[in-house]
Amino acid sequence: MVQAKKALAKKTKTRKARAVSSARSNDYQNFIGGRWVSSRLGEILIRDKEKYTADMTREMGKVLKEAGGDVQEAIDCTYYTAGEGRRLHGFTTPAEMPNKFAMCVRQPVGLCGLITPWNFPMAIPSWKLIPALVCGNTVVIKPAEATPLSTYNLVRACEEAGIPPGVVNLVTGYGETVGAGITNHPALRLVSFTGSTDTGRVVASACAERNAICSLEMGGKNAIIVMDDADIDNAVEGAVWGAFGTSGQRCTASSRLVVHKKVYKQFAKKLVERTRALRVGNGADPKTEVGPVINEDAVHKIMSYIDIGEHEDAATLACGGQRLTKGDYAHGYFIEPTVFTDVAPHTRIAQEEIFGPVTSVIPANSLDEAIEITNGVRYGLSAAIYTQDVNRAFHAMEETYTGIFYVNSSTIGAEVHLPFGGTKGTGNGHREAGTQVLDMLSDLMIPISIDSI
Ligand code: NDP
């Protein structure tokens, strides 16, 4: 066993070294023209969308409709960001001296290490990879070991699109070995990481040690506020999809529902009815609404939180709470969509990221109390409010410390042209998507020329 581990570590080291050296020998000086290839990549992704979608559902269980959305996100990201290759704006500005001309241009950062999670196995890699290329960088990308296929499909499409060999380097292997090798590698100028907050801290420390640029997108504990003037049916619909879409395995999942006491009973009753009606099953069956969770470890983690909710936190288990093991469920990782009611805001199920089909309904007496509860966690990714009152909506938006805020819509639903990222334990100030991602993946250089005449 020890020998096998040593052999694996050696093999991993060789693979990683090869990937970095390949990216290095194709650094931005050679690749600058590569900015223009991305539209062709979009065409390939559209052509093979159905296959990639089926591969993803097979790989990680996401229902077909959502897997299609994941691939579509990569397509949208490609077309949107390809256009940025024609802009990549810098700026000119007056200079202090009359014979001086001042301007600022974007330069590639160099070699970038990209580390991604399994829950959006093509969308998240595309959000990092495509803008990195458009900025003229070369990359080493490491997907989660649970979902290498979808990222492999993306990288193969890059190859077919004409991106030169060695510019995009896929390396597989576990985070503790290959991931750590990337974060510690002196040749990599930038590490862009998406994953849990605990791993993000390790990545950040390693990057700080060698002064590498580090962007982090991490966990969430997102809340929907439901006010007493809300359209309750609409709010229930938003809560159900926010909490149980992708089986709750989204960084933006609506894992807390903070409901005004005046509509609390009505909301909770409708939510439980709607949740019980969800169809759990094989993601490849088009009728399935909630697929399995990723693996056995996830099942254990989620079931242990359900136990904590019932016993340690003394919340009311209003529906769900069981692992499904009979019949068609016997060979998968299926958990009933679960709703806890009467949850106290400071308890563990209301504070910690469960990353599964579990949500907590928390009562609040007023808008300000609901905002305080929303802000009272270590994370700050996404929040939402359901209300008919525009003043309440703006007040909540201003007072909530999150990267994303919705009105009368759930906490989920990123768009590629909008900056994406979180505050507090969720992020370290960088943003992905939009044009803002270009600030992370390029250096601004200020050449100043002085007229000699
Ligand atoms: P992990 O933190 O476990 O893993 C993320 C990636 O980091 C994987 O590729 C993993 O490799 C790798 N990794 C693990 N350990 C190290 C290490 N020591 N050094 C370098 N890399 C390492 O997260 P999950 O994959 O379980 O993803 C779920 C988490 O991601 C949730 O917390 C979720 O909220 C968050 N997330 C955040 C998003 C955001 O935009 N804010 C979006 C999506 C998810 P491997 O798994 O192969 O070992």
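Both counts, for ligands and for their atoms, begin at 1 and track the order of listing.
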Per-atom contacts, ligand 1 versus [X] - under 4.0 Å to a heavy atom:
X: F355; result: 28 (C), 31 (C), 33 (C), 34 (O)
X: I124; result: 42 (C), 43 (C)
X: F193; result: 2 (O), 5 (C), 6 (C), 7 (O)
X: C251; result: 34 (O), 36 (N), 37 (C), 38 (C), 39 (C), 40 (O), 41 (N), 42 (C), 43 (C), 44 (C)
X: M218; result: 34 (O), 37 (C), 38 (C), 39 (C), 41 (N)
X: S196; result: 1 (P), 2 (O), 23 (O), 29 (C), 30 (O), 32 (O)
X: T116; result: 6 (C), 8 (C), 9 (O)

Pair [X], [Y]: side-chain N/O donor-acceptor within cut-off below 3.5 Å:
X: T147; Y: S150; value: no
X: E352; Y: Y305; value: yes
X: N234; Y: N408; value: no
X: N222; Y: S254; value: no
X: K221; Y: Q351; value: no

Ligand 1 to [X] polar contact by distance, N or O atoms, under 3.5 Å:
X: W118; answer: yes
X: E145; answer: yes
X: T183; answer: no

Exercise for the section: Answer yes or no for K128 and F193: cation-pi contact, defined as NZ/CZ to six-membered ring centre under 6.0 Å and angle to ring axis within 45°. Expected result: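 The answer is no; the distance or angle limit is not met.
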
Taking the minimum heavy-atom distance to [atom], which of [options] ranks first?
atom: atom 48 (O) of ligand 1; options: G175, P117, G403; value: G175
atom: atom 35 (C) of ligand 1; options: A414, G421, G195; value: G195
atom: atom 5 (C) of ligand 1; options: I115, T194, T199; value: T194
atom: atom 21 (N) of ligand 1; options: G179, A433, G422, S205; value: G179

Quick one: closest heavy-atom pair of [X] and [Y], and the distance?
X: G321; Y: T338; value: N-OG1, 2.8 Å
X: Y329; Y: V280; value: OH-O, 2.8 Å
X: I373; Y: A364; value: CD1-CB, 4.2 Å

Practice task
Run the ring-centre check on W127 versus F420 and record whether the distance is less than 6.0 Å.
Solution key: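 Centroid distance W127-F420: below 6.0 Å, so yes.
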
Practice task
Please verify whether a non-hydrogen atom of G173 lies at under 4.0 Å from ligand 1.
Solution key: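 It does; at least one heavy atom falls under 4.0 Å.
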
Exercise for the section: Work out whether the distance between some heavy atom of A180 and some atom of ligand 1 is less than 4.0 Å. Expected result: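 Right, A180 reaches ligand 1.
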
Practice task
Check whether any side-chain N or O of K142 sits under 3.5 Å from a backbone N or O of G173 as a donor-acceptor pair, and report yes or no.
Solution key: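 Yes, the answer is positive, given that a donor and an acceptor are paired below the 3.5 Å cut-off.
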
[atom]: nearest protein contact (heavy atom, Å):
atom: atom 40 (O) of ligand 1; answer: F420 CE2, 3.1 Å
atom: atom 32 (O) of ligand 1; answer: E353 OE1, 2.6 Å
atom: atom 11 (O) of ligand 1; answer: K142 NZ, 3.0 Å

Handout entry: Distance, nearest 0.5 Å, that separates OG1 of T151 from CG of L114
Key =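 Between T151 OG1 and L114 CG, I get 10.5 Å after rounding to 0.5 Å.
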
Exercise for the section: Could you tell me whether atom 15 (N) of ligand 1 has a protein heavy atom closer than 4.0 Å? Expected result: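 Given the 4.0 Å cut-off, atom 15 (N) of ligand 1 counts as touching protein heavy atoms.
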
Problem - Under-4.0 Å heavy-atom contact with ligand 1, by part of N119 that carries it - result: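 Near ligand 1, N119 shows its side chain, while the N, CA, C and O stay back.
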
Handout entry: Cationic N near anionic O, under 4.0 Å, D443 to R106
Key =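 Salt bridge absent between D443 and R106.
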
